[in-house]
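Only one structure is covered here, and it is reproduced in the block below.
Side chains included, hydrogens not; waters and symmetry mates left out as well; all remaining heavy atoms used.
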Amino acid sequence: MSPRLRISGLDGLNAAPLQWGLLHGSAAARGDLEITLRSPAASAAALAAGQADVALIPSIELQRHPGLKVVPGICVAARRRVRSVILLARRPPAELGTVGVDETSRTSVALLRILLWKRFGVRPRLVELPPDPHAMLRRCDGALLIANAALCAPAGGWAVYDLAELWAGWTGLPFVFAVWAARPGVEGAGLAALLAGSRAEGMEQLPRLVAGHATRDGYPGGPALTAYLSELLHYNLGPEEARSLDRFFAEAHGEGLIPAPRPVEFIPAVAAGARALAGGQP
């Protein structure tokens, strides 16, 4: 690794276990890391612009920025229901004409477009709006909420569709929302160990992490957040997750959202066969 490794993380709760060690654990005391938390879209932009050496980015961005390589074994994924990427709808999905979306996560928007067409046969007009469910649903038939806005969404007179659950029901695969990716030239062995260690520390410190976010961000308390981070989400990029990425990219290409998909490449520290070994240790 370079003397000063620039890391771009995500400012949402779902990525917090991956970043705990970098921000508060053993890596935080090293003095050779520069860590900035950004929105998903901004994190991908920082990596593409050379403002970061490694970044936690929405999975769709792997196809939009050539040359990026994935750190093996680590991701943000859900095997079924996730709760933090939801569609609120005032009418059945097959009747949606407009959907308000938060464009800060392009992966979630791409997933929404794929699912609405493949599962419900509609291509509604997407309207970029601030993530306020009441305001979005005053203007649109549906609203896509992600991250904090989804977890804190109030009950209302609308149906709620969990996009990860829809994906799993359709494909039989987990959904991968984000991965650590490195720009070309970044060395792999030390980086992979650093990020795996940060994840391990984050999972060990889950009670402290949950308490901090519940206080700071106004989430409902402990048990629900703990279940979200330890049961609904998982952070292991294994063979099923790799297959899901391939399927997602193929479907995104079919919808005209990306060019012909490129195979996922892993950082050079991983030998041939990385896709089968990408699961690493939880």
Would you give the length of the straight line joining atom CD1 of Ile146 to atom CG of Leu112, rounded to the nearest 0.5 angstrom? 11.5 Å

Quick one: does Gln63's side chain have a donor or acceptor within less than 3.5 Å of a partner on Arg262's backbone? yes

Please verify the inter-ring angle class for Trp20 with His24; under 30° counts as parallel, over 60° as perpendicular, anything in between as tilted. tilted

Any idea which heavy atoms bring Asp11 and Ser39 closest together, and the distance? OD2-N, 3.7 Å

For the pair Arg113 and Glu255, find out whether any cationic side-chain nitrogen is under 4.0 Å from an anionic carboxylate oxygen. no

Pairs in or reaching into residues 125-161: which pass ring pair (Phe, Tyr, Trp, His ring centres under 6.0 Å), with residues at least two apart or in two chains? His134-Trp158

Any link between Val122 and Leu163 through a network of hydrophobic side chains (Ile, Leu, Val, Met, Phe, Trp, Tyr) touching at under 4.5 Å? yes

Ignoring hydrogens and geometry, is there a side-chain-to-backbone donor-acceptor pair from Thr36 to Ser8 under 3.5 Å? no

Would you say the side chain of Ser108 lies within less than 4.5 Å of the side chain of Leu144, judging by non-hydrogen atoms? yes

Side chain to side chain donor-acceptor pair (under 3.5 Å) assessment of Glu241 paired with His234: CA-CA 11 Å; Glu241 287 73 25; His234 75 280; 2.8 Å; yes

Hey, does Leu173 have a side-chain heavy atom less than 4.5 Å from the side chain of Glu240? yes

So, Gln19 versus Ser198: side-chain donor-acceptor pair below 3.5 Å or not? no

Is there a continuous path of hydrophobic side-chain contacts, each under 4.5 Å between heavy atoms, that joins Leu87 to Ile60? yes

Nearest 0.5 Å please: distance from the CG atom of Asn14 over to the CG atom of Leu232. 11.5 Å

Do the side chains of Leu229 and Ile86 join up, straight or via other hydrophobic residues, at under 4.5 Å, putting them in one cluster? no

Could you give the distance from CD1 (Ile7) to CG (Leu47), rounded to the nearest 0.5 Å? 11.5 Å

Any idea which heavy atoms bring Phe266 and Lys69 closest together, and the distance? O-CD, 3.6 Å

So how far is it from Leu194 CG to Leu33 CG, rounded to the nearest 0.5 Å? 5.5 Å

Candidate pair Arg247 and Thr171, rule side chain to side chain donor-acceptor pair (under 3.5 Å), full reasoning: CA-CA 8 Å; Arg247 175 68 180 271; Thr171 65; 5.3 Å; no

Please identify each residue that fulfils ring pair (Phe, Tyr, Trp, His ring centres under 6.0 Å) with His253, with sequence neighbours left out. none

So, taking the atom named CG in Asp132 and the one named CG in Asp102, what distance separates them when rounded to the nearest 0.5 Å? 11.5 Å

What's the shortest heavy-atom distance between Leu10 and Ala15, and which atoms? CB-CB, 3.9 Å

Pairs in or reaching into residues 138-161: which pass salt bridge (Lys or Arg N to Asp or Glu O under 4.0 Å), with residues at least two apart or in two chains? Arg90-Asp141, Arg91-Asp141

Would you say Trp170 and Val82 are hydrophobically clustered, going by side-chain heavy atoms of ILVMFWY under 4.5 Å? yes

Working note: Arg4 + Asp32, criterion salt bridge (Lys or Arg N to Asp or Glu O under 4.0 Å); need CA distance, chi angles, decisive distance, verdict. CA-CA 5 Å; Arg4 190 77 174 170; Asp32 61 349; over 6 Å; no

What I'd like to find out is whether the side chain of Pro133 reaches to under 4.5 Å of the side chain of Leu145, using heavy atoms alone. yes

For Val176, does its backbone N or O pair with a side-chain atom of Ser59 as donor and acceptor, under 3.5 Å? yes

What's the shortest heavy-atom distance between Arg38 and Ser43, and which atoms? CB-N, 3.9 Å

State plainly whether one hydrophobic cluster holds both Leu166 and Leu88, where clusters connect Ile, Leu, Val, Met, Phe, Trp and Tyr through side-chain heavy atoms under 4.5 angstrom apart. no

To the nearest 0.5 Å, what is the distance between CG (Leu257) and CZ (Arg64)? 6.5 Å

Which pair of non-hydrogen atoms, one from Trp167 and one from Ser244, has the smallest distance, and what is that distance? NE1-OG, 3.3 Å

Test your reading of the model: is there a side-chain donor-acceptor pair from Arg6 to the backbone of Gly50, 3.5 Å cut-off? yes

Determine the minimum heavy-atom distance between Ala181 and Leu62, stating which atoms define it. CB-CD2, 4.0 Å

